[in-house]
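Below is one structure, written out as structure tokens, with a few remarks after it.
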Number of protein chains: 2
Amino acid sequence: MCQDGAVPPSRSGRSQRRTDALSRERIVEAAVELLDAAGESGLTFRVLTERLATGPGAIYWHVANRGELLAAATDAVVDAALAAEPAEPTPQARIRALASSLFDTIDAHPWVAAQLSGSSWQAAAPRILEVVGRQVGALGVPEANWFTVTSVLVQYIFGAASQEAANSDVLDDRATYLDAVATTWSQLDPDAYPFIRTIAPQLRDHDDREEFLAGIDLILSGITAQYPPAG
Amino acid sequence: MCQDGAVPPSRSGRSQRRTDALSRERIVEAAVELLDAAGESGLTFRVLTERLATGPGAIYWHVANRGELLAAATDAVVDAALAAEPAEPTPQARIRALASSLFDTIDAHPWVAAQLSGSSWQAAAPRILEVVGRQVGALGVPEANWFTVTSVLVQYIFGAASQEAANSDVLDDRATYLDAVATTWSQLDPDAYPFIRTIAPQLRDHDDREEFLAGIDLILSGITAQYPPAG
DNA sequence: CATCATGTTGGAACGCCGCTCCAGATGTGT
DNA sequence: ACACATCTGGAGCGGCGTTCCAACATGATG
């Protein structure tokens, strides 16, 4: 590769085959690192080419465009999150475990949230629907309602995760940030925002993960109420 | 022809005060039009300056940057959606009505979904939390759980709306699109994706709005189950 | 061993983007 | 009449995703 020091011969030495072959896998891996380090806007073909010591053409040979690269990075991260099927005793507990695992993944890779929210029924979403849906079936929900019930769970997970990720993006110091927002809330017009003022302290003190799992439990309660297991 | 915007009385000089004053309101209005016409990527300072027959400096005098303009556009649209408080008889029905109104708004302005999902607890979110939260209080949920319960509802709404908006973005012909996805699903590996294959026909035939409201009902059931009204 | 077809690389450049700078025109107070 | 704060819009900067293509490396073929 870089036999520096010697000026290239008559031919201007434009490019040469590398020993460490560039592969789609290596590109996606580098993309995930960039995304983790600097968020969605941190994934740039310019810094990617620099990191991989190559040019844009080489990357475009393996990947169609930036969108596909983002999708592939999301796939890789979600696959890792869903690798181990939960071994909890009840379907409820398994759903909680799955949601927990996804929450942790998005906490570690906040850029995944926006990607999942905006990807409709394609890309990584089917795999998530599959693993959650199996547990919905195990809950005893009638088959005719599988799609509805599983969609609700997954959409809540995506929505909560996006919110969480949006927080953590702006977030140097979480406590300071929440404190500032809570203070803003409590100073709103009491006539226009009585409710917000009341829950401001709850925002200040809440635990993201706990709230998220409380939401899962709430939805599980609703499922049990609407589709009683015994039949 | 181009008689859309008023053309300022141009002289050969560099610039001059216009008769139709440029205002933040007029800029936001134009931004909403561009976003509705071509999605989030359709809002460009270049197009915006052309539409308003001005230059970037004039716009930046009224608006800090693109992000603030997007937020202001979202605010305007959400405000309109929440203008009329629902007059239904029960809190449950009022929550359904609010969710319905937000669903319709995002259906008409799909770019709002991503904006709401990514805006954490600021911007337009407080107003939505307020109107939903009041009805949560009216449901008889204990005050200590107001934040949790309202968050779940709003996060589900945002999540489902994002999904819906993501669909409608790619969507020329909804039926064709869903049919294609459903066919893809039913051709997945039966061992790896038994659940997805089962619900593929339900995806093909589902009604977005119905599914969305079924989700709201499911969560309302959960609320009633966990916090019985009578006490 | 020489030649070629094929797969792969990376540098140059294109057209957009958000955004900044600033000279000049306008309206207001004195 | 003059100074000053407010407002305008054209020129241009650096960065982005993407395209194009000459230059290489390699395995197959003669």
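Throughout, a chain's letter reflects where its sequence line sits, starting with A, and its residues are numbered from 1. Every value quoted in this text rests on a predicted model; they were computed, and no experiment measured them. The basis for the numbers below is simple: all heavy atoms, side chains too, and nothing from hydrogens, waters or symmetry mates.
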Sugar-phosphate, base or nothing in reach of B/Phe45, heavy atoms under 4.0 Å: sugar-phosphate
Residues A/Arg209, A/Glu164: salt bridge by 4.0 Å N-O rule: no
Within residues 65-75 of chain B, residues whose heavy atoms come under 4.0 Å of DNA chain C: B/Asn65, B/Arg66
Residues which pass side-chain contact (heavy atoms from CB on, under 4.5 Å) with B/Pro56, listed by chain and number, not counting sequence neighbours: B/Thr49, B/Tyr60
Rounded interatomic separation in angstrom, taking CZ from A/Arg51 and P from C/dG10: 16 Å
Between D/dG17 (P) and A/Ile59 (CD1): distance, integer Å: 10 Å
Side chain of A/Thr54 - closest among C/dT9, D/dT19, C/dG18: C/dT9
Side chain to side chain donor-acceptor pair (under 3.5 Å) partners of residues 35-48 of chain B, not counting sequence neighbours, each pair once: B/Asp36-B/His109, B/Asp36-B/Trp111, B/Glu40-B/Arg66
Donor-acceptor contact below 3.5 Å, side chain B/Ser101 vs main chain B/Ala97: no
Touch class at under 4.0 angstrom, heavy-atom based, for B/Leu43 against every strand present: sugar-phosphate
Upstream residue (5' side of DNA chain C) when B/Pro56 and B/Val47 are each assigned their closest nucleotide: B/Val47
Partner residues of A/Thr148 under the side-chain hydrogen bond (donor to acceptor under 3.5 Å, both in side chains) criterion, sequence neighbours left out: B/Glu211
Listed partners of B/Asp79 passing side-chain hydrogen bond (donor to acceptor under 3.5 Å, both in side chains), at least two apart: B/Arg127
Paired stretches of DNA chain D - 3 or more consecutive Watson-Crick or G-U pairs, each distance under 3.5 Å: C:3-29 with D:2-28
Under-4.0 Å salt bridge between A/Arg197 and A/Asp189: no
Under 4.0 angstrom between A/Trp61 side-chain N/O and C/dT9 OP1 or OP2: no
side-chain N/O A/Thr44 vs D/dC16 OP1/OP2, d < 4.0 Å: yes
Integer-rounded Å distance: D/dG10 C1' and B/Leu22 CG: 15 Å
Protein-nucleotide distance (A/Arg24, atom CZ; C/dG7, atom C1'), rounded to Å: 18 Å
A/Leu34 CG - D/dC16 C1' separation (whole Å): 15 Å
Rounded interatomic separation in angstrom, taking CD from A/Glu50 and P from D/dG15: 12 Å
Carboxylate-amine/guanidinium contact A/Arg24 A/Glu68, below 4.0 Å: yes
Atom-pair distance (NE2 on A/His62; P on C/dG7), nearest Å: 13 Å
Interatomic distance, A/Arg46 CZ vs C/dG10 C1' [rounded to whole Å]: 13 Å
A/Gln155 (side chain) donor-acceptor with B/Gly159 (main chain) under 3.5 angstrom: no
